[in-house]
Amino acid sequence: MSYIPTYDSLDAIYDKSFVAKQGARYQALLDKFEQTYHRKPDFIARSPGRVNLIGEHIDYCGFGVLPMAVDRDVVMAVATTNDDTKVRVANVNSKYPAREFDYEGVEKIVTIDDSSLEWSNYFKCGYKGMLERAQLQKPKGMFVLVDGNVPAGSGLSSSAAFCCTSALTVITANELKMTKQELTEIAIVAERNVGVNSGGMDQSASVLSEQGFALHVEFVPKLKAVPVKLPETQPKLAFVIANTLVTADKFVTGPRNYNLRVVETKVGALCLSRALKLAKPVDTYKEVCDAYFAGQNISQDEQLKKMLSVADQVFTNTTGYTRSEMAELSGVVEDELVKEYMTRFPVETDVFRLHQRAIHVFGEALRVIQFGNVCANPPSDSDQVYKQLGGLMNQSQESCSKLFNCSCPELDELTALAREAGAEGSRLTGAGWGGCTVSLVREDQVPEFIATIKEKYYKKHFPELTGDELDDAILATKPCSGSAVFSGF
Ligand code: NG1
Ligand code: MG
């Protein structure tokens with residue numbers, strides 16, 4: 001049980017090469033805070049974005065994933081007051097206008113109108129989630145100034161970094177005793193307040209990551225995160241993030257909708273529960289596995305291989321199912337299915353591709369295990385490490401593109417270009433439909449790799465992009481550490 005740490009120096013969490021740059025950024029935030037609110041902040045809270053190395057769209061199916069925190073984060077300077085319970089939030093980026101709201105009591109906490117894309121909603125999410133738990137009669141009033149540098153809509157989890165940081169400001173302002181595990185669990189539920197029925201990968205990576213390690217996160221039977229040491233190879237492994245600069249929009253209705261994928265996998269799990277005659281129907285594929293193989297001595301990868309053939313046999317219709325066909329296959333009446341799975345997060349489609357989604361999920365869960373096995377017992381030949389990890393990443397991209405339909409032409413193009421430019425593996429990261437790719441590259445080849453991608457992708461599609469903006473679109477990253485609070489400046 002570790003409470004959320006408070007540091008007085010940036011060295012505790014940032015890589016050496018990064019401290020000076022971060023120091024300047026924090027100083028600018030402090031200065032701007034004083035200009036804005038005419039007082040000094042009491043503390044600074046931060047949570048990073050993440051890149052997912054492998055395991056896409058399986059967190060909400062209950063399967064383990066392997067993200068790592070990146071060195072981009074959301075930082076908030078905060079002053080508290082006992083005079084009122086108001087929250088004032090401003091952003092150093094003038095694109096986001098200053099907002100103010102008041103505490104509405106233990107029942108309501110705060111109203112979130114998710115019908116529009118409003119930046120302060122993400123602050124309210126963390127605020128509401130945390131105060132729902134804390135049940136305070138009179139939480140502190142807060143003055144908050146935000147500085148985020150995780151690109152929005154890029155699959156690097158700017159939203160989770162934001163919600164985790166805002167939840168952390170509430171903890172710190174009100175001196176709540178809270179562990180990192182509790183912060184993570186609250187942030188996961190809290191982010192659903194903005195209308196996405198998300199899994200828990202992003203919040204886990206943002207809060208729980210440790211510097212120098214990727215993070216294996218499991219969700220069923222309960223949240224569990226274990227740091228994973230990446231293999232030491234010659235030359236070293238480097239992960240390069242490249243943004244397609246196509247903004248992913250998870251809220252779009254129709255077949256590219258995130259919540260639809262959640263429905264397709266949850267209802268799929270109900271169908272398999274029935275087909276496998278489980279004692280009690282469950283709505284995540286991981287729980288289906290746990291129940292079906294309970295008491296049998298079968299390794300997880302064998303279980304997943306078996307489930308791949310079960311899914312093939314049960315979901316015979318590869319063109320997709322209607323609502324009534326799903327009702328028949330799951331044994332749950334249509335009205336119930338709609339009420340339980342399509343009401344809070346509505347979906348607009350008549351075709352549910354249970355077969356393709358299930359095959360992706362079981363295959364991807366298997367690849368996460370295989371990736372983890374290579375990390376735990378890396379072959380002594382570095383080339384083999386690259387081949388194996390890269391191969392799994394490429395298979396993941398193929399599956400995301402063909403079976404889960406969460407890629408897009410730009411992601412397909414960029415990952416193909418990355419492989420041509422020497423990456424051993426390249427895949428989309430995050431929800432997909434735009435946003436970033438992650439590529440496994442030999443460290444000594446990174447500068448050349450970046451130059452090639454700039455030439456072949458960015459110059460072609462975004463010729464107007466230069467300087468910092470271009471450097472921001474493609475960058476190598478190292479595993480960074482999770483949420484933290486700073487005081488004593
Ligand atoms: P991004 O794209 O970072 O928002 C989303 C979900 C994750 C996970 C991935 C796909 C949220 C907050 N996060 O990530 O939980 O399901 O997609 O693997 O919606
Ligand atoms: Mg997000």
Side-chain angles (χ1 to χ4, degrees), residues 47-70 72 74 114 117 121-122 125-126 129 148 150-167 184-207 215 217-219 223 225 241 243-244 246-252 256-266 284-286 345 357 360-361 363-365 367-368 393 396-397 399-401 403-408 411 427-438:
S47 274
R50 63 100 188 92
V51 58
N52 188 20
L53 300 180
I54 197 152
E56 222 59 84
H57 286 278
I58 61 172
D59 57 347
Y60 52 82
C61 304
F63 286 115
V65 294
L66 199 72
M68 67 187 197
V70 295
R72 299 300 188 95
V74 173
D114 69 6
L117 279 177
N121 279 353
Y122 287 93
C125 267
V150 190
S154 67
L156 298 184
S157 230
S158 58
S159 57
F162 205 110
C163 293
C164 292
T165 312
S166 67
T184 310
E185 285 164 358
I186 291 168
I188 291 172
V189 179
E191 200 170 331
R192 298 192 184 132
N193 285 317
V194 277
V196 174
N197 195 7
S198 59
M201 159 165 71
D202 305 351
Q203 300 80 0
S204 306
S206 186
V207 176
L215 196 71
V217 192
E218 290 183 297
F219 306 95
L223 182 72
I241 297 172
N243 195 336
T244 57
V246 177
T247 306
D249 181 2
K250 284 200 292 262
F251 300 95
V252 291
R256 286 156 58 95
N257 175 276
Y258 182 92
N259 292 331
L260 171 59
R261 295 294 180 277
V262 180
V263 174
E264 288 170 317
T265 55
K266 288 206 177 286
T284 64
Y285 281 130
K286 175 66 165 57
F345 303 102
R357 310 314 182 218
H360 166 79
V361 169
E364 187 76 356
R367 285 185 283 276
V368 173
M393 291 172 73
S396 167
Q397 172 60 26
S399 180
C400 283
S401 180
L403 295 172
F404 216 72
N405 296 125
C406 62
S407 190
C408 66
L411 282 166
R427 55 182 296 279
L428 65 86
T429 186
W433 297 297
C436 287
T437 58
V438 56

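Starting from 1, each residue takes its place in the sequence as its number. Each ligand, and each atom within it, is numbered from 1 in the order the structure gives.
Taking distance alone, with nitrogen or oxygen atoms compared against 3.5 Å, N52 stays at or beyond that limit from ligand 1. Considering backbone and side-chain atoms together, G432 places no N or O closer than 3.5 Å to any N or O of ligand 1. Polar contact with ligand 1: absent for E191 (N/O pair, distance under 3.5 Å). Geometrically, ligand 1 and Q203 share no nitrogen or oxygen pair separated by less than 3.5 Å. On a distance-only criterion, Y60 and ligand 1 share no N/O pair closer than 3.5 Å.
Atoms of ligand 1 lying under 4.0 Å from any heavy atom of S157, numbered from 1 in the order shown and given with element: 3 (O). Those atoms of ligand 1 that come under 4.0 Å of a heavy atom in M201, given as number and element, are 8 (C), 9 (C), 18 (O). The contact set between ligand 1 and R50, taken as ligand atoms under 4.0 Å from a residue heavy atom, comprises 1 (P), 3 (O), 14 (O). Atoms of ligand 1 lying under 4.0 Å from any heavy atom of G199, numbered from 1 in the order shown and given with element: 15 (O). Each of the following atoms of ligand 1 lies closer than 4.0 Å to a heavy atom of E56: 10 (C), 18 (O). Close contacts between ligand 1 and D59 involve ligand atoms 7 (C), 8 (C), 15 (O), 16 (O) [criterion: under 4.0 Å to a heavy atom].
Inspection of the E56 and S396 side chains reveals no N or O donor paired with an N or O acceptor under 3.5 Å. Using a 3.5 Å distance cut-off with no hydrogens or angles, the side chains of S399 and E364 do not pair a donor with an acceptor.
Counting only heavy atoms from C-beta outward, the side chains of R72 and R50 never approach each other to under 4.5 Å.
Aromatic ring centroids of Y60 and Y258 lie under 6.0 Å apart.
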Next on the checklist: Please determine whether side-chain contact (heavy atoms from CB on, under 4.5 Å) holds for the pair T184 and L223, giving the CA-CA distance in whole Å, both sets of side-chain angles, and the decisive distance to 0.1 Å.
Outcome noted: CA-CA 9 Å; T184 310; L223 182 72; 3.7 Å; yes
Next on the checklist: Assess the residue pair C406 and L428 against the criterion (side-chain contact (heavy atoms from CB on, under 4.5 Å)); give the C-alpha distance rounded to whole Å, side-chain angles, the decisive distance to 0.1 Å, and a yes or no.
Outcome noted: CA-CA 9 Å; C406 62; L428 65 86; 4.2 Å; yes
Checklist entry - Where do R357 and T265 land on the side chain to side chain donor-acceptor pair (under 3.5 Å) test, with the steps shown first? => result CA-CA 7 Å; R357 310 314 182 218; T265 55; over 6 Å; no
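Ion pairing between a basic and an acidic side chain is recognised when a charged N comes within 4.0 Å of a carboxylate O; E218 and K286 show no such pairing.
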